[in-house]
Amino acid sequence: MNARIIYIEEVDSTNNYLRGFEPGDSEDVTFVWTDFQTAGRGCGTNTWESEAGKNLTFSFLVCPHNVSAREQFILSMASALALKRVLDRYAEGITIKWPNDIYWHDRKICGTLIEATLSGQLVKTCIVGTGLNVNQWEFRSDAPNPVSLFQILGHEVDREQLLREVVDETLLMLEEVEDGHYESLRAEYRSALYRKDEVHDYRLPDGQELKLVLSDVEDDGHLLMNYADSSGELRFGFKEIQFII
């Protein structure tokens, strides 16, 4: 796969930049990264705190071939695995918090927002926007548990080198998707899940708190949880359950 990398000093949102973007004929994937997003956001109404010039905020646009709408979560899995593989080179304790956040132990180092468009039964375009905490040493927002590579390692990391590693690993993961290697990607994703097979507290949308065991993620992205006493199984979509950390 071929990738084009675009750098912009400041932009409202790298995801916004790529909406309607027309890649060149020789470009399989287009990445855009910036020193600062004026309107960077996370999932839903969440914002993403990122000190200018300290972290990696980037998005990529891909037009996948033959990824069905019902299997589009494979693109989320692939992008999360690319980030985990790269961060594994820098620190131990990296996991994927369902659906696609990256955690170091119980702290969030990376968040991703995915926006896909469909054409019939297939995914037409997919924009994956990521904020990765790299060299920021202090967080001032009310986010409960952020962490950066600088805080983990005690020294700064070359952002451009880190981006290059993420680009290369992402291309490898997308090639796996293109080649139809869904089962191996799904197996790797499931084995990398934060809190898998452990008993923890979770909160439902109505405020009820339960002790549950994260058992699996279905191919379409639904989360499967078991009651701690093994008395039954629950199934959740995105935003239908909150991890209590």
Answer yes or no: is there a side-chain heavy-atom contact under 4.5 Å between [X] and [Y]?
X	Y	result
L234	L210	yes
Q151	R107	yes
L83	V166	yes
T57	T130	no
Q208	R203	no
I102	L87	yes

Hey, are [Y] and [X] close enough side-chain-wise for a donor-acceptor pair under 3.5 Å?
X	Y	result
H181	D179	no
D101	Y194	no
Y17	D12	no
E27	N2	no
D219	Y182	no
Q37	T14	yes
S59	N15	yes

Are [X] and [Y] in one and the same hydrophobic cluster, where Ile, Leu, Val, Met, Phe, Trp and Tyr link if side-chain heavy atoms are under 4.5 Å apart?
X	Y	value
Y7	F60	yes
V213	L223	no
V134	L153	yes
L224	L193	no
M1	I5	yes

Side chain to side chain contact (heavy atoms under 4.5 Å, CB included) partners for E156, two or more places apart:
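Side chain to side chain contact (heavy atoms under 4.5 Å, CB included) check on E156 returns K54, N135, F150.
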Side chain to side chain contact (heavy atoms under 4.5 Å, CB included) partners for D197, two or more places apart
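For D197 there are no side chain to side chain contact (heavy atoms under 4.5 Å, CB included) partners, ignoring immediate neighbours.
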Remaining members of L172's ILVMFWY cluster at a side-chain heavy-atom cut-off under 4.5 Å?
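Other cluster members: none.
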Hey, what's the ring geometry for F73 with Y189, parallel, tilted or perpendicular (30° and 60° as the breaks)?
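Plane angle over 60°, so perpendicular.
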Face-on cation placement of K211 at Y227 ring, 6.0 Å and 45° thresholds:
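No, K211 and Y227 do not form such a contact.
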Test the R195-Y202 pair against the cation-pi criterion, namely NZ or CZ under 6.0 angstrom from the six-membered ring centroid and within 45° of the ring axis.
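Yes, R195 lies over the aromatic ring of Y202.
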Report the distance from atom [atom1] of [X] to atom [atom2] of [Y], rounding to the nearest 0.5 Å.
X	Y	atom1	atom2	value
K97	C110	NZ	SG	12.5 Å
R85	I94	CZ	CD1	15.0 Å
E9	T34	CD	OG1	7.5 Å

Keeping the roles fixed (side chain from Q72, backbone from A69), state whether a donor-acceptor pair exists under 3.5 Å.
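Checked: pair present.
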Just wondering, more than 12 heavy atoms not from E160 lying within 6.0 Å of its CD?
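Atom CD in E160 is not crowded, with 12 or fewer foreign heavy atoms closer than 6.0 Å.
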Just wondering, are more than 12 heavy atoms of other shown residues or ligands nearer than 6.0 Å to CD in E10?
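For E10, atom CD is crowded (more than 12 foreign heavy atoms under 6.0 Å).
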What I want to find out is whether [X] reaches [Y] closely enough, with some N-O distance under 4.0 Å, to be called a salt bridge.
X	Y	result
D28	R4	no
E218	R235	yes
R140	E138	yes

Test of ring centre spacing under 6.0 Å for F238 and W98
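Yes: the rings meet the under 6.0 Å criterion.
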Tell me which pairs pass salt bridge (Lys or Arg N to Asp or Glu O under 4.0 Å) where either residue lies in residues 67-82, with sequence neighbours left out.
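Listed once each, the pairs are E71-R186.
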Would you mind writing out the side-chain donor-acceptor pairs for residues 117-128 within the sub-3.5 Å range, not counting sequence neighbours?
from	atom 1	to	atom 2	distance (Å)
T117	OG1	T125	N	3.3
T117	OG1	T125	OG1	2.5

Applying side-chain hydrogen bond (donor to acceptor under 3.5 Å, both in side chains), can you list everything that pairs with E165, at least two apart in sequence or on another chain?
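For E165, the residues satisfying side-chain hydrogen bond (donor to acceptor under 3.5 Å, both in side chains) (neighbours in sequence not counted) are R89, Y90, Q161.
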